[in-house]
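Below is one structure, written out as structure tokens; the observations come after it.
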Amino acid sequence: MQSTSHTFKDNVKTALADEHLRKALGNMKAGFQDKRAATIAKLPEFEALRDQGKAIKDDVLANLDYYLERFEDNVTRDGGHVHWARTPQEACEAILGICRDTGARVATKGKSMIAEEIGLNEYLEKHGMTPVETDLGEYIIQLRHEAPSHIIAPAIHLSKEQVSDTFRRSHKHLSADRPLDEPRDLTDEARTVLRQQFVNADVGITGANFLIAETGSTVIVTNEGNGDLTQNLPRVHIVVASIEKIVPTLEDSAAILRLLARSATGQEYSVYTTYSTGPRRPDDLDGPDEFHVVIVDNGRSDLLGTEAAEALRCIRCGACMNHCPVYGAIGGHAYGWVVPGPIGAALTPGILGVEEARDLPNASTFCGKCEEVCPMKIPLPKIMHSWRIEEYDRGLTPPRQRFGLGVWSWVATRPRLYNWLTGLAVRGGHMIGRRRGSWRWMPLAGGWTAYRDLPVPAGDGTFQQLYARRRNRGTAGDGK
Amino acid sequence: MTDNANASSSSHVSPSSAGQDAAEQDATAEKVRPSVALFVTCLVDLFRPSVGFAAIDLLQQAGCRVAVPGAQTCCGQPAWNSGDVATTAAMAKSVIAAFEPYDYVVVPSGSCAGMIRRHYPQALRKDSRWEARAHALGERTYELTAFLVDVMDMKSVDPVDYQGRIAYHDSCSGLRELGVKAQPRQLLESVAGAELVDLPGAETCCGFGGTFCVKYPGISGDMVTEKANAITGTGADTVLAGDLGCLMNIAGKLNRDGSMVQVRHVAEVLAGAVGEAPPIGRAVGDRAGTRAGGR
């Protein structure tokens, strides 16, 4: 996927001016947050499960090569094929190669963030294939030629009116005066259109929530059932997944599944949880003739052993973005790449580099809400902070910020000078502003005063000056 | 309470040290009161001295000897949050050196207390000697209300009243780094006339975030708008919090909107010091929300 992370500040301006988006984000926050809180309240062992989930993934990341090889052995044993891809290009080539070997023209797809990451749809289209997204949200944004704005709700930035317009523009074969105002009308229409595509497809491509080392199984969870139709109806099933999706055992996947839907949508379980192991066996009633797993690195193995490695515990539930006040203000597109929100700010600089994603780890107040709700206990602020250190060390911090910080730090490490200078500034500010209480505008503080007033220093001196005065009069502190 | 003063740099003995003989106890009668160094924070120093005096008052109510080390400036958070580890380390070292001699460091800010407690050891991790000193100081560093309730076991403040419907905003660092939530509310219960109202999204960030608010003003502005709307929606006449950064942000927005809501640091109300200064961002005598405004 082409990144626009480097234009983050412009993306933010666009987002903040988008009324549709503001309305959609307002609805999203309330829904996701309340539902999550309600389901978690009913599961006393949720905290213990978080520790268990973290331990499982920490073990995986410490022994990634072992588990991946075990996974490959077990897939191969059952008659499937594993393809290793270091880069998006290699992954796309592997998938196209499988499609060509099958003579496929239409590929249905389940929702997959790694497929977005490697730009699979564009690549397949460029090479004469027709990829069809079958998750409702993904289908909508495919019609609109947009990127997902959320990892579990890719079209969350849209209102139903916008979806209705999109369907009218795209489904020209349907009667123009059909009613399309209710959500039910929209889902029925999508179902009708997609049903034919499921039948047409030669290849089905899904992502994976887990790859299970001990059995060679892949797991997807969906709410729409589209994933099952995608992987069961066509002759060939291709799974595309990134390396960190591995878990050691079936039991491990079951433990993390208890965290996943609760954290994501506030459901206890997703409607469909599907385990796939190898191609169809002679006495199976259905299933694909061929089963391929494309395992993508795309920079992840370079993160092992760094501060950002813990971000690889992510199970893509979206809880961090659902609860992030920054995401809630600007939505997912502003982040400019496939994974938005706090996890995007932690992960994107590691995959695209800090030059491209410079703003992302900075656009956080470090409020810590993301870490609080993360089912895998990823220390997201700490990882974002580690990118800030790298940016500072490499001279990527904006010069004005660097200069201002340098002056402040230089003065603040010289207490006598600091007290003298701040004393002058505060007394001056107080004298000029005390009749007002606040300034509506202040030179060099435009970022502050564009949105709020700046309180005037309330004392006719700094605390330190006033304290010294009171102590001289014997009315403050016990001294030392 | 344990004697956790740094052995190399403090002669104070804490109240519960066992096994002292009688003579020693007499000699240390005065020293039974723990010594507390107030880290006033740069924002309080520059913008709101009344918070510092209120903090001193409350600490004395709790039976502490309070000192204000003169060598304090800023905790270094702007440098830390900008990724400048070397400058942070330099500032951390001067704070550690100045504050080590006391039993406790108390800060009227969860954010700056969290900086000392949680992030100084990280900033100094390349120097094991300083890292150990940072840890030792961090363990003795507390946010003001948490110190009063959790360490000094304060149940109520000296008799004081504040007639008002209060919305309490939980500042992020205090809440999530230090577990400050119940303590300020518990102390407010002892303030006659103070009525706490339920603030929806009380734990949601106000959008201040230190340098964040000027680096990404649009996002910050959107966040503080949401916070201000939540506050006015409660019908409260007062907003309190424990961090001046959040309070200046919230007050700045409420004042810009012409709101009547008064904004104060919780210590001012607890210490009965509201007469010492008008609400944040208001002029003296301007209590009714008719802010003079203008440039």
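Everything numeric in this text was worked out from a predicted model, so none of it was measured. Lettering follows sequence order; numbering is per chain, from 1.
With a threshold of 4.5 angstrom between heavy atoms, A:Val456 approaches chain B through N, CA, C or O but not through any side-chain atom. Both the backbone and the side chain of B:Asn81 come within less than 4.5 Å of a heavy atom in chain A. When heavy atoms are compared at a cutoff of 4.5 Å, A:Leu466 approaches chain B by way of both its backbone and its side chain. For a residue to count as touching a neighbouring chain, one of its non-hydrogen atoms must lie under 4.5 Å from one of that chain's; by this rule A:Lys9 touches chain B with the side chain only. Only the side chain of A:Arg22 comes within contact range of chain B, judged by heavy atoms closer than 4.5 Å. Contacts between B:Ser220 and chain A at a heavy-atom distance below 4.5 Å involve backbone atoms as well as side-chain atoms. Contacts between B:Leu38 and chain A at a heavy-atom distance below 4.5 Å involve the side chain alone, from C-beta outward. Of the atoms belonging to B:Asp222, it is side-chain heavy atoms, and not backbone ones, that fall under 4.5 Å from chain A. Only the side chain of B:Met223 comes within less than 4.5 Å of a heavy atom in chain A; its backbone stays farther off. For chain A, the nearby parts of B:Asn249 are the backbone and the side chain; heavy atoms of each come within less than 4.5 Å.
Relative ring orientation between B:Tyr216 and A:Phe8 is described as perpendicular, the plane-to-plane angle rising above 60° on a 0-90° scale split at 30° and 60°. Under the 30°/60° scheme for interplanar angles, the aromatic rings of A:His385 and B:Trp80 are found to be tilted.
Summarising the local packing, CZ of A:Arg414 is surrounded by more than 12 heavy atoms from other residues, nucleotides or ligands at distances under 6.0 Å.
Between chain B and the residues A:Pro415, A:Gly433, A:Gly404, the largest count of heavy-atom pairs under 4.5 Å involves A:Pro415. Comparing A:Ile432, A:Asp359, A:Val12 by heavy-atom pairs within less than 4.5 Å of chain B, the highest count is held by A:Asp359. In terms of heavy-atom pairs under 4.5 angstrom with chain A, the leader among B:Gly52, B:Ser50, B:Gly201 is B:Gly52. The greatest number of non-hydrogen atom pairs below 4.5 Å with chain A, out of B:Glu226, B:Lys215, B:Glu276, is found for B:Lys215. Of the listed residues (A:Pro381, A:Gly447, A:Ala15, A:Ser386), the greatest number of heavy-atom pairs within a distance under 4.5 Å of chain B belongs to A:Gly447. Taking B:Ala37, B:Gly221, B:Ala79, B:Gly218 one by one and counting their heavy-atom pairs under 4.5 Å with chain A, the maximum is reached by B:Gly218. Between chain A and the options B:Gly207, B:Ser171, B:Ser82, the largest number of non-hydrogen pairs under 4.5 Å is found for B:Ser82. Ranking A:Gly459, A:Ala412, A:Gly328, A:Ala445 against chain B, the residue ahead of the rest is A:Ala412, based on heavy-atom pairs under 4.5 Å.
Both tests do not hold together for B:Arg256 against A:Tyr451: distance to the six-membered ring centre under 6.0 Å, angle to the ring axis within 45°.
The side-chain heavy atoms of A:Tyr335 and A:Ile330, taken from C-beta on, include a pair separated by under 4.5 Å.
For B:Ser173, the side-chain hydrogen bond (donor to acceptor under 3.5 Å, both in side chains) test picks out no residue, with sequence neighbours left out. The side chain to side chain contact (heavy atoms under 4.5 Å, CB included) search around A:Ala345 returns A:Leu360, A:Met384, not counting sequence neighbours.
For residues 39-47 of chain B, the interface with chain A (any heavy-atom pair closer than 4.5 Å) comprises B:Val40, B:Cys42, B:Val44, B:Asp45, B:Leu46, B:Phe47, sorted by residue number. Inspection of non-hydrogen atoms places A:Asn362, A:Ala363, A:Ser364, A:Thr365, A:Phe366, A:Cys367, A:Gly368, A:Lys369 of residues 361-369 of chain A under 4.5 Å from chain B.
The distance from atom CZ of A:Arg452 to atom CG of B:Leu254, rounded to the nearest 0.5 Å, is 12.0 Å.
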